[in-house]
Amino acid sequence: MPETRFNRLEQARLEKAEVLRGLGQGPYGLRFDPSHRHAELQRLHADLANGQERDEQVAVAGRVMTRRVMGKLAFFTLLDETGPIQLFIEKATLAAALPDQPEAFTQLTTLVDAGDWIGVSGSLRRTDRGELSVKVSAWQMLTKALQPLPDKWHGLADVEKRYRQRYLDLVVSPGTRETFRRRALLVSGIRRWLDERQFLEIETPVLNAEAGGADARPFTTHHNTLDLPLVLRIATELHLKRLVVGGFERVYELGRIFRNEGVSTRHNPEFTTVEIYQAYADYTDMMALTEELIAAVCQQVCGTTAIEYQGTAIDLTPPWRRATMHELVEQATGLDFNGFSSRGQAAAAMAAAGLEVPESADCVGRLLNEAFEQRVEDTLVQPTFVTDYPVEISPLARAHRSKPGLVERFELFIVGRETANAFSELIDPIDQRRRLEAQQERRAAGDLEAHGVDEDFLHALEVGMPPTGGLGIGIDRLAMLLTDSPSIRDVIAFPLLRPEAAPPVG
RNA sequence: GGGUCGCUAGCUCAGCGGUAGAGCACUCGGCUUUUAACCGAUUGGUCCUGAGUUCGAAUCUCAGGCGACCCA
């Protein structure tokens, strides 16, 4: 006996598809013109009273989510992108409307399963229980689904299945649909806000000979005909700065970047950032821009700037708290890093205060950052601009105008997560070369995340870049915040997972 | 990389050494105001994979796979 690849549930649906073929309409329709969607119907007929009908013909389409058949009357719930529409399906109504199809009611109630896409037309009726419904006088199959829907009450609870089969998650989880709707509003809102302020979005290459603009390991790939090793970008920074050199005073790019790093609730190997560069501005301007931009899109997406994230109230109403890294570390640990003149001195003080002192933190600035990460980061729940970073961990930021050893940089923290990073950009090509060469030495010493020296970028700086403020915002983390999502995988439609089946053993 | 937990019917889950179960879904019958419809009947299994212990393994042990969370 030949083994079928369909189980009995699928087989039953295939048999119904055959019946539909026999009826001349088949399991897959061509086109259909819906006159309304759920949201419009609800708005236009809000005044229809319970038990009343309105003789206006409408056509609606969607996926059948639930079926309740009782003899000669049936209720289906049809789901379109904007919401559910109840179908009021009466045998007598269909028989009167379709005198040449006496079996129309039976066909509709037996050949249509939950999960199928159908289109119907009819008039309007609000049921005695108050549900606005389409009283069906004609129907057609648009797509016969072969797979059954998950449990109509519990939905899809298996998180692995929700990520692997996101299409199913979207079908049965209104919350998932809302998350990705909000993410789309967030992205389009950012673009609109920037476009209205004369920022130009210019796309820069994903494939590069050298990874630059961030501390991260890249994905490597290869161009066949050029026989060229290439890496996927880890940031858009160095190309956008070249555009500023070229004379674009306000540029940005919102797009995907790739970092060959671990996967966690806050990290996905490919993620989305927007980087924004504004000539003649500095990091204080970028702070104001960050506040205004995020507050504006939050207002658009959530309808308020006072939101809740995982049970904690977060107020994104500007202005936001500003504090230097030194101040925050001193408040949290009692250690004044301005007073340390050597690594040894700082390390001893940290150890005495009970902080870990990793070998890799080889200078006072890196130790300061360690202390910050160990004791401060998690505590920055409300939006906080942390300013004035050590030069050693900021190779692309301009030296601070008044604080030796520091740079004009801020990072924005919200719910303990780095959400944005900005500088007064380093535009001095001599200083920039020195900084990148120091990075190169770290890389030679084994730091796989250290920057390389991008000679063409240095050449661009020699051509001359105006004083510029630059800003990068993590879109995924912002999306988590605005959708109250605990994991980055909840805001990425198709997060990276290992293939389900182990590869065949050779 | 380490720790904890999970993987059983299409879905949601129970069973934890002695015949593989429930609810929903499916199929059949009934039902003209339901919305987790209801009532009755039937059907449905690679208990993640492999090895071991045992008279006997979904259950215990070991190894592996995939995932979640926490830590690094």
Side-chain angles (χ1 to χ4, degrees), chain A residues 3-16 19 38 49-53 64-79 83-96 105-106 108-116 125-136 144-166 168-169 171-174 261-268 310 356 358-361 370 373-374 377-378 416 485-490 495-505:
Chain A
E3 197 175 337
T4 173
R5 57 178 295 257
F6 296 106
N7 66 27
R8 70 201 165 82
L9 297 173
E10 294 156 0
Q11 204 66 50
R13 287 164 177 252
L14 284 167
E15 283 163 17
K16 293 180 184 182
V19 174
H38 151 89
N50 289 7
Q52 296 298 301
E53 297 197 3
V64 175
M65 298 303 289
T66 60
R67 303 163 68 251
R68 294 176 293 282
V69 181
M70 45 206 76
K72 301 181 180 65
L73 178 68
F75 298 91
F76 285 11
T77 306
L78 203 61
L79 182 69
I85 302 167
Q86 177 163 276
L87 304 184
F88 182 94
I89 305 165
E90 198 176 34
K91 186 170 191 177
T93 304
L94 273 170
F105 178 83
T106 306
L108 176 49
T109 53
T110 57
L111 299 178
V112 177
D113 291 301
D116 295 352
R125 176 190 180 95
R126 190 177 295 280
T127 63
D128 296 347
R129 302 287 178 85
E131 187 80 36
L132 184 64
S133 310
V134 173
K135 187 177 175 185
V136 176
K144 182 75 200 164
L146 297 184
Q147 293 287 338
L149 288 181
D151 189 288
K152 64 186 171 190
W153 183 244
H154 299 95
L156 206 53
D158 180 340
V159 284
E160 182 175 355
K161 194 154 282 181
R162 289 180 48 212
Y163 295 149
R164 288 195 195 278
Q165 300 184 36
R166 182 69 89 183
L168 253 193
D169 183 29
V171 169
V172 299
S173 309
E261 295 168 349
V263 173
S264 79
T265 50
R266 292 176 297 281
H267 299 87
N268 194 64
Q310 301 294 296
E356 287 178 41
E359 280 298 316
S360 57
E370 271 296 328
E373 288 179 357
Q374 287 178 38
E377 219 172 81
D378 290 347
S485 298
S487 168
I488 195 170
R489 293 183 208 96
D490 298 327
L496 184 71
L497 297 178
R498 273 185 203 279
E500 197 166 11
V505 180

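By convention in this document, chain letters (A, B, ...) are assigned in the order of the sequence lines, proteins followed by strands, and residues within each chain are numbered from 1.
- For the C1' atom pair drawn from B/C28 and B/C11, the interatomic distance equals 22 Å after rounding to whole Å.
- Heavy atoms of A/L149 sit nowhere under 4.0 angstrom from any nucleic acid atom.
- Base pairing of B/C13: its partner is B/G21, meeting the Watson-Crick or G-U wobble criterion (both donor-acceptor distances under 3.5 Å).
- Closest-nucleotide positions on RNA chain B for A/K161 and A/A92 were compared, and the one nearer the 5' end corresponds to A/K161.
- The same atom, C1', is picked in B/G21 and in B/A58; the two are 12 Å apart, to the nearest Å.
- Checking B/A63 for Watson-Crick or G-U wobble geometry (two distances, each under 3.5 Å) identifies B/U49 as its partner.
- Counting any heavy atom pair closer than 4.0 Å across all strands shown, A/V172 reaches no nucleic acid atom.
- Atom P of B/C7 sits at a distance of 7 Å from the matching atom of B/A14, rounded to the whole Å.
- In the interface, the side chain of A/D151 is paired with the base of B/G23 through a donor and an acceptor atom under 3.5 Å apart.
- Donor-acceptor pairing under 3.5 Å, judged by distance alone, is absent between the side chain of A/R8 and the base of B/U27.
- Dashed line: the shortest gap from a side-chain N or O of A/R489 to OP1 or OP2 of B/C69 is under 4.0 Å.
- When Watson-Crick and G-U wobble pairs are counted only if both distances are under 3.5 Å, B/U4 pairs with B/A68.
- Classification of A/D169 and A/K161 as a salt-bridged pair fails, no side-chain N sitting under 4.0 Å from a carboxylate O.
- Counting heavy-atom neighbours within 6.0 Å of A/E373 CD, excluding the residue itself, gives a total above 12.
- Remark: A/E53 engages A/K135 in a salt bridge, criterion side-chain N to carboxylate O under 4.0 Å.
- When the P atom of B/A68 is taken as reference, atom CG of A/L156 falls 14 Å away, rounded to whole Å.
- Looking at heavy-atom distances under 4.0 Å, A/R164 makes contact with sugar-phosphate atoms alone, never a base.
- For A/E373 and B/A72, the CD to C1' distance is 13 Å, given to the nearest whole Å.
- The P atoms of B/G56 and B/A51 are separated by 15 Å, rounded to the nearest whole Å.
- Spacing between B/G2 and B/U59 at atom P, rounded to whole Å, works out to 25 Å.
- In summary, A/D116 and A/R13 engage in a salt bridge, as defined by a charged side-chain N under 4.0 Å from a carboxylate O.
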